[in-house]
Amino acid sequence: FKEIEKSVKEFSRELHEIFQIRKFQSQKRRCISKGSAFSWSNVIDVQNFVDDFNETNPQVKITEVKPTDLNGAGKSTLSSKCKIFEISSPVMHGLYILSGALTKSSQMDWANTAVKKYSTAEHTNLTNLRRIEFQNSLHTCAAVPPDLEDTNSSILWDQSISENNGFKSFFTLRWSSLGYHYDWTERMYKKDMKTPFPSDLADLCREIASAVLGQHASAVFTPEAAIVNYYPCLPNTSMGGHLDDAEHTMEQPIVSISLGCPAIFLIGGRNKHDSKPLALLVRSGDVVVMSGESRYCYHGVPCILPHSAVQYREEDCEGTRSNSSCCDCGVDNSNGINNGSSSSSSGSCTVCSCRDDRENDRSDVRTDLDGCDEWDQDVVEYLNKARININVRQVNICGGDDHMWVEKAGSGATKS
């Protein structure tokens with residue numbers, strides 16, 4: 001797992017060097033003279049190239065499945081264009097991705113809630129922000145002093161907007177907690193450390209579980225906790241490989257909602273050496289459901305990608321995936337970012353500056369959430385520069401009932 005994770009991070013750094021978040025370098029960009037050990041051909045992209053991946057990876061099975069309860073008798077909040085895929089390997093099953101699960105309007109609603117409501121002190125335990133403030137002042141990660149106990153992050157979003165410096169203040173927030181709050185020091189949930197779990201988010205996650213696993217599975221799934229991750233789209237932003245095993249039950253799924261910048265999601269086996277992990281591209285509006293065996297598997301997010309990198313890959317790969325010839329710049333991109341292709345149908349290089357001039361003028365490649373004046377343009381701008389990941393799970397063995405509460409520490413807990 002660690003070897004592939006390292007390769008994906010190197011792949012991400014190369015992409016970030018070529019594709020800046022808001023605009024391309026005005027003049028020539030550095031070509032990738034030697035590809036990293038990881039490339040687009042290693043990525044499962046359920047929107048594109050599924051047949052190509054199946055042909056080269058026969059042990060991995062990607063199957064489109066019919067939703068069990070999508071747009072059924074009840075009113076669905078999921079997109080009518082949602083497609084569900086099950087992904088399995090010799091060591092893992094029960095992993096689903098709902099591609100395009102959320103409409104654009106729904107994505108904006110949840111993003112608004114995440115940055116303006118879930119970012120407040122009530123949901124962060126102040127832990128993340130207090131540590132950062134103290135570290136910035138004293139260059140240490142020592143215990144947070146009492147005078148920072150009253151730090152109020154409820155105005156963090158408004159403060160970041162008023163500063164008009166590219167969300168620098170808001171980027172200090174990396175996570176918040178909903179429902180049961182996870183104790184990062186002891187690696188466990190605490191019975192009395194919680195806030196009310198949002199009912200609308202619980203309803204959405206039950207609907208997602210029903211679409212994938214059926215109404216019966218949804219009926220016994222009780223969303224009780226969520227960790228909301230806020231990832232700035234930077235070359236070094238990542239979530240290391242880990243297990244989600246602090247919950248008292250592992251029988252219920254994890255529902256993971258993606259908003260904003262795309263990312264690569266890695267998932268392996270029960271330990272870091274079981275098998276080569278799978279790399280899955282997740283976009284804004286996608287939902288990943290980890291159930292069954294996949295619930296017990298190592299997973300992580302080694303990189304966040306600029307929207308432009310994925311958009312260019314989609315455009316350049318159409319009809320040219322089998323062509324690995326060099327372009328005018330002389331760079332062989334057979335191991336580069338273009339899944340075995342270095343020239344597009346227009347004859348322009350896909351990795352360097354010898355594109356048509358009109359491509360160089362395309363200096364601000366935006367997310368497809370742009371374009372509606374009714375949406376909060378500050379939130380749209382944030383989603384062009386960051387990724388929000390809402391990870392929901394059940395904690396108690398019997399959802400909603402803490403009478404059988406157990407003191408369970410997850411992986412990584414310090415043994416006394």
Item to complete: Taking the side chain as every heavy atom from C-beta outward, state whether Leu178 and Val228 have any pair of such atoms under 4.5 Å apart.
Response: yes
Practice prompt. Would you mind reporting whether Lys104 and Trp375 have side-chain heavy atoms less than 4.5 Å apart?
Written response: yes
Discussion item. Using only atom types and a distance under 3.5 Å, with no angle test, would you say the side chain of Tyr230 pairs donor to acceptor with the backbone of Ala114?
Written reply: yes
Response to the item:
Separation between OG (Ser258) and CD1 (Ile390), nearest 0.5 Å, reads 9.5 Å
Worksheet item: Got a second to check how far Cys303's SG is from Asn236's CG, nearest 0.5 Å?
Response: 11.5 Å
Worksheet item: Any salt bridge between Glu3 and Lys6, counting N to O under 4.0 Å?
Response: no
Fill in: side-chain hydrogen bond (donor to acceptor under 3.5 Å, both in side chains) between His242 and Ser411, intermediate numbers included
CA-CA 8 Å; His242 63 282; Ser411 300; over 6 Å; no
Worksheet item: Would a 4.5 Å heavy-atom cut-off, applied to side chains only, mark Glu207 and Thr77 as touching?
Response: yes
Item to complete: Could you pull out the closest heavy-atom pair between Gly400 and Thr222, with the gap in Å?
Response: N-CG2, 3.9 Å
Item to complete: Side-chain contact test, heavy atoms from C-beta onward, threshold under 4.5 Å: evaluate it for Ser160 versus Phe171 and give yes or no.
Response: no
Fill in: Worked check of side-chain contact (heavy atoms from CB on, under 4.5 Å) between Val392 and Leu201
CA-CA 9 Å; Val392 178; Leu201 180 58; 4.0 Å; yes
Worksheet item: Counting distance only, does the side-chain N/O of Asp286 pair as donor-acceptor with the main-chain N or O of Gly100 below 3.5 Å?
Response: yes
Worksheet item: Is there a donor-acceptor pair under 3.5 Å between the side chain of Asn112 and the backbone N or O of Met108?
Response: yes
Worksheet item: How close do Ile257 and Asn389 get, heavy atom to heavy atom, and via which atoms?
Response: O-ND2, 2.9 Å
Discussion item. Quick one: does any side-chain atom of Ser79 pair with a main-chain N or O of Lys81 as donor and acceptor, under 3.5 Å?
Written reply: yes
Fill in: Option passing side-chain hydrogen bond (donor to acceptor under 3.5 Å, both in side chains) with Glu247 (candidates Arg295, Gln394, Gln252, Lys408)
Arg295
Worksheet item: Does the His93 side chain pair with the main chain of Ile87, one donor and one acceptor, at a distance under 3.5 Å?
Response: no
Discussion item. Can you tell whether the side chains of Arg206 and Asp203 come within less than 4.0 Å, N to carboxylate O?
Written reply: yes
Fill in: Within-4.5 Å side-chain heavy-atom neighbours: Arg283 and Leu305
no
Worksheet item: For the residue pair Ile84 and Ala211, what are the closest heavy atoms and their distance?
Response: CD1-O, 3.8 Å
Discussion item. Assess, by modelled atom type and distance only, whether the side chains of Ser39 and Ser41 contain a donor and an acceptor separated by less than 3.5 Å.
Written reply: yes
Response to the item:
Exactly one candidate in Asp378, Asp376, Asp158 meets salt bridge (Lys or Arg N to Asp or Glu O under 4.0 Å) with Lys116; the answer is Asp376
Worksheet entry | Derivation and outcome, side-chain contact (heavy atoms from CB on, under 4.5 Å), residues Leu280 and Val43 | CA-CA 6 Å; Leu280 178 65; Val43 179; over 6 Å; no
Worksheet item: Taking NZ, NE, NH1 and NH2 as the nitrogens, is one of them in Glu381 or Lys385 under 4.0 Å from a carboxylate oxygen of the other?
Response: yes
Worksheet entry | Euclidean distance, Gln47 CD relative to Phe85 CZ, rounded to 0.5 Å | 8.5 Å
Practice prompt. Return the orientation label for the His299 and Phe265 ring planes: parallel under 30°, perpendicular over 60°, tilted otherwise.
Written response: tilted
Worksheet item: Which class fits the ring pair Trp157 and Tyr382: parallel under 30°, tilted 30 to 60°, perpendicular over 60°?
Response: perpendicular
Practice prompt. Not counting sequence neighbours, which residues clear side-chain contact (heavy atoms from CB on, under 4.5 Å) with Lys168? List them please.
Written response: Asn165
Worksheet entry | Backbone of Leu95 reached by a side-chain donor or acceptor of Glu86 within 3.5 Å | no
Fill in: side-chain contact (heavy atoms from CB on, under 4.5 Å) evaluation trace for Val282 with Val288
CA-CA 8 Å; Val282 288; Val288 171; 3.7 Å; yes
Worksheet item: For the atom pair CD (Glu293) and OG (Ser88), what is the distance rounded to the nearest 0.5 Å?
Response: 11.5 Å
Fill in: Minimum heavy-atom distance between Pro302 and Lys9, given as atom pair plus value
O-CG, 3.4 Å
Worksheet item: Donor-acceptor pair, Ser284 side chain versus Gly260 backbone, under 3.5 Å?
Response: yes
Worksheet item: Are the side chain of Gln107 and the backbone N or O of Leu102 linked by a donor-acceptor pair below 3.5 Å?
Response: yes
Worksheet item: Can you name the side-chain contact (heavy atoms from CB on, under 4.5 Å) partners of Lys272, sequence neighbours left out?
Response: Phe1, Lys2, Tyr298
Worksheet item: Would a 4.5 Å heavy-atom cut-off, applied to side chains only, mark Val287 and Ile97 as touching?
Response: no
Worksheet item: Taking Thr249 for the side chain and Asn396 for the main chain, is one N or O donor matched with an acceptor at less than 3.5 Å?
Response: no
Item to complete: Hey, could you give me the OH/SG distance between Tyr231 and Cys261, rounded to the nearest 0.5 Å?
Response: 12.5 Å
Worksheet item: Is there a side-chain contact between Pro67 and Val212, using heavy atoms and a 4.5 Å cut-off?
Response: no
Fill in: Exercise: identify the closest heavy-atom pair between Thr237 and Pro232
OG1-O, 2.9 Å
Worksheet item: When rounded to the nearest 0.5 angstrom, what distance separates OH in Tyr118 from CG in Leu173?
Response: 14.0 Å
Item to complete: Please determine if Arg187 and Asp245 form a salt bridge, counting it only when a charged side-chain N lies under 4.0 Å from a carboxylate O.
Response: no
Fill in: Worked verdict on Glu224 versus Arg393 for side-chain contact (heavy atoms from CB on, under 4.5 Å)
CA-CA 6 Å; Glu224 295 179 299; Arg393 71 285 311 277; over 6 Å; no
Discussion item. Keeping Thr113 on the side-chain end and Asp109 on the backbone end, is there a donor-acceptor pair under 3.5 Å?
Written reply: yes
Item to complete: Specify the closest pair of heavy atoms between Tyr182 and Ser177, including all atoms of both residues, with the distance to one decimal.
Response: N-OG, 4.2 Å
Fill in: Arg270 to Tyr296, cation-pi by 6.0 Å centre distance and 45° axis angle
yes
Worksheet entry | Any Val115 side-chain heavy atom under 4.5 Å of Ile388 side chain | yes
